[in-house]
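Here is the naming used below: chain letters follow the sequence lines, and residue numbers restart at 1 for every chain.
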Amino acid sequence: MSEIREESKNFIEVIIDEDIAAGKHGGRIHTRFPPEPNGYLHIGHATAICLNFSIAKKYGGKTNLRFDDTNPVTEDTEYVDAIKKDVQWLGFQWEGSELYASDYFDTLYGYAVTLINKGLAYVDDSTADEIAEQKGTPTQPGKESPYRNRSIEENLRLFEGMKAGEFEDGAKVLRAKVDMTSPNMHMRDPVIYRIKRAHHHRTGDQWCIYPMYDFAHGQSDSIEGITHSLCSLEFRHHRPLYNWFIEHLEIFPSRQIEFARRNVSYMITSKRKLMKLVQEGLVRSWDDPRMPTISGMRRRGYPAAAIRNFCDRVGMAKRDNVIEVELLEACVREELNATTDRMMAVLDPIKLVITNYPDGKTEQLIAINNPALENPTTREIPFSKSLYIERADFMEDAPKKFFRLSQGRNVRLKYAYIIHCDGVLKDENGEIVEVQCSYYENSRSGSDESGIKAKGTLHWVSAEHAIDGQVNVYERLFTDPEPTGHEDKDFIEFYNQDSLKINKNAKLEPALAQVAAKTAFQFMRLGYFYSDDEHTPSAPIFNKTVGLKGAWKPKKK
RNA sequence: UGACCCAUGGUGUAAUGGUAACACAAAGGUUUUUGGUACCUUCGUUCAAGGUUCGAGUCCUUGUGGGUCAACCA
């Protein structure tokens, strides 16, 4: 703890250090998170959010939340609200109020006029197909548009006409005049404004022309004084254009730095594919606990602190990656181990009767809430003759390594007594309906004088005191670590049919009757669980967040 | 068959040109009234071949492999 270790820096921090050393922007650091409000945020966004906010915080800087809302046909305020909620839930607060690229539409229009006046932009009447044709291919240079050399005056008049609604959608575009022979496709006279009569979620019908990403993003960065604009690797080819606009517009020189976005095994991060899961009913909603969305992870019970810690531990670089989901789960367990109360719950109950225990007797046993705490608190748990234990905790003809209940074997009931299994009761189908045991009266926890050894310890609930509840158990959503990584197969083929198991008849210890929704617990020996958004004391619903590490697994017959 | 980016244990990241480190996973062990937690041990000659250097994961060259780029999407 007292050891101060020089922490290693990622390549972005190295760049920032160099910029600070060079005296850039007076050492000021300002980043931004720029989502497009056209979908819900997922684990990939979470890592980008952590990166932008954490790095600014580390250098005493600021981070803006800016919605990149330049395409009115796909965007909606519904997403704006959800995104704001997700960012805040993750534990970050942006500088001031949230910003919008649409706030800069007037400025951006002015920038376009500036470019035209400099002879660096022109109105093109070519169709979309013709423009695509002119662009050439990565291996062949492009050709200049026949409209490329219109006069500045004509361009000014035409662009004004575009804004005034004189032309049909798609009839004309404004293009930057850069270099049709550039090996970089993005420099081949990119379209920077298009005519689109669509209702914008914030500017309504005020505009019928909208700037393209390349003419909005970098300029927005510049307007906001963003010093380091962090984006994913796929934008590497946009950087020369990003810089070209800054240079010719003579505006604040934000710097774009690309990083490799983070992929997590068994998860997908394509908005379109996520949407398909929802639309086809393969998951119940965007916040289904199986979804890799921030809202899904939240509902499942992943703590924000665990996600932040995951991002820290994963680091940042420029190579393609697939992080094992086990690391995320380890972070979740680490956080939950330190913070949750241990409760007793039986998901798949089987009756256990202690034949030599007095009828009608109830003892209140003392249970420790969270042993990971320095001064743990306790609660009482009722114990009686008739209990429920986990069906998987009993086995006939069990192997030697089975440390649980079987005929003729002893086992400790957590916080209670050591019991001896005498036999079972079966129904006409041969199904075990009851396990019969006897207890050692002097083996009670805390005052065990029996001298009897028990290899295993089971969790249990008292049948008469237990409350009924629903416990949802989730497995991986896909059966393949990279569902979208197979060219010959659709990701849906890897959908895990067993990804959701609902235990409607779970038996819960009485203390669980009073807990609020959205509360995390450890159910002893089973894993971490989180009360669902729809949980109520009269109809308890818990979601399994993640299991305990667990080593021994019964062999499947 | 162009340009650009990348290459370190199973996975993800470290390493002023100077003993390859950390975490997760896996395997084994100690402790344990959770098969949990905690603790210990094991697991890589850094894609390849040349070159520079007293010394290369790091610099240079050439390969090999992977990725990105041709929306009036972002």
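Side-chain atoms of A/Arg239 and A/Asn243 include no donor-acceptor pair closer than 3.5 Å. Donor-acceptor pairing under 3.5 Å is lacking for the side chains of A/Arg236 and A/Asn184. A/Ser126 and A/Gln134 share a donor-acceptor pair across their side chains, judged by distance under 3.5 Å alone. For the residue pair A/Ser145 and A/Asp124, a side-chain donor N or O sits within less than 3.5 Å of a side-chain acceptor on the partner.
Cation-pi geometry between A/Arg342 and A/Phe523 is not satisfied (NZ or CZ under 6.0 Å from the ring centre, within 45° of the ring normal).
Rounded to whole angstrom, the span from the CD1 atom of A/Ile418 across to the P atom of B/U34 amounts to 12 Å. When rounded to the nearest whole Å, the span between CZ of A/Arg333 and P of B/A38 equals 11 Å.
Here the options are A/Tyr213, A/Phe159, A/Phe167, the test is ring pair (Phe, Tyr, Trp, His ring centres under 6.0 Å), and the partner is A/Tyr193; only A/Phe159 passes.
One C1' atom belongs to B/G36, the other to B/G17, and the distance between them is 47 Å to the nearest Å. Taking the C1' atoms as reference points, B/C39 lies 48 Å from B/G51, given to the whole Å. Between B/G18 and B/U58, the two P atoms lie 11 Å apart (nearest whole Å). When the C1' atom is used for both B/U19 and B/G57, the distance is 14 Å, rounded to whole Å. Remark: the separation of the P atoms in B/C59 and B/U16 is 11 Å, to the nearest Å. Separation of the C1' atoms belonging to B/U31 and B/U37 is 11 Å when rounded to the nearest angstrom. Spacing between B/U11 and B/G44 at atom C1', rounded to whole Å, works out to 13 Å. Separating the C1' atom of B/A56 from that of B/C47 is a span of 16 Å, rounded to the nearest Å.
Evaluation of atom-type donor-acceptor distances gives a pair under 3.5 Å for the side chain of A/Arg412 against the base of B/U33. The base of B/U34 sits within donor-acceptor range of the side chain of A/Arg342, with an N or O pair under 3.5 Å. The base of B/U11 does not come close enough to the side chain of A/Glu326 for any donor and acceptor atom to sit less than 3.5 Å apart.
Of the possible polar contacts, one joining the A/Glu509 side chain to the A/Met344 backbone as a donor-acceptor pair under 3.5 Å is found. In this structure, A/His42 contributes its side chain and A/Thr269 its backbone to a donor-acceptor pair below 3.5 Å.
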Between A/Ser450 and A/Tyr417, does the side-chain contact (heavy atoms from CB on, under 4.5 Å) criterion hold? Intermediate values first, please.
CA-CA 10 Å; A/Ser450 68; A/Tyr417 300 91; over 6 Å; no
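Heavy-atom nearest nucleotides on RNA chain B were determined for A/Thr139 and for A/Pro371, and the one closer to the 5' end corresponds to A/Thr139.
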In B/S/- notation (B base, S sugar-phosphate only, - none; protein heavy atoms under 4.0 Å), nucleotides 69-74 of chain B written 5' to 3' is SB-BSB
Given protein heavy atoms under 4.0 Å, the one-letter contact record of nucleotides 12-20 of chain B, with B base, S sugar-phosphate only and - none, is simply SBS------
Anything under 3.5 Å between a protein N or O and an N or O of nucleotides 39-46 of chain B, put it in a table, one pair a line.
none

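Side-chain contact between A/Leu336 and A/Pro303: present, with at least one pair of heavy atoms (C-beta onward) separated by less than 4.5 Å.
The residues A/Arg197 and A/Glu168 are annotated as not salt-bridged, no charged nitrogen and carboxylate oxygen being separated by less than 4.0 angstrom.
Shown here are the side-chain contact (heavy atoms from CB on, under 4.5 Å) partners of A/Lys163, two or more places apart in sequence or in another chain: A/Tyr109, A/Trp207, A/Ile209. Under the rule for a ring-ring contact (aromatic ring centres under 6.0 Å, His included), A/Tyr528 has no partner lying at least two apart in sequence or in another chain.
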With both pairing distances under 3.5 angstrom for Watson-Crick or G-U wobble, and | for a partner in another strand, the correct string for RNA chain B is .((((((..((((....[..)))).(((((.......)))))....(((((..]....))))))))))).....
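Note that the CZ atom of A/Arg32 and the SG atom of A/Cys231 stand 6.5 Å from one another [nearest 0.5 Å].
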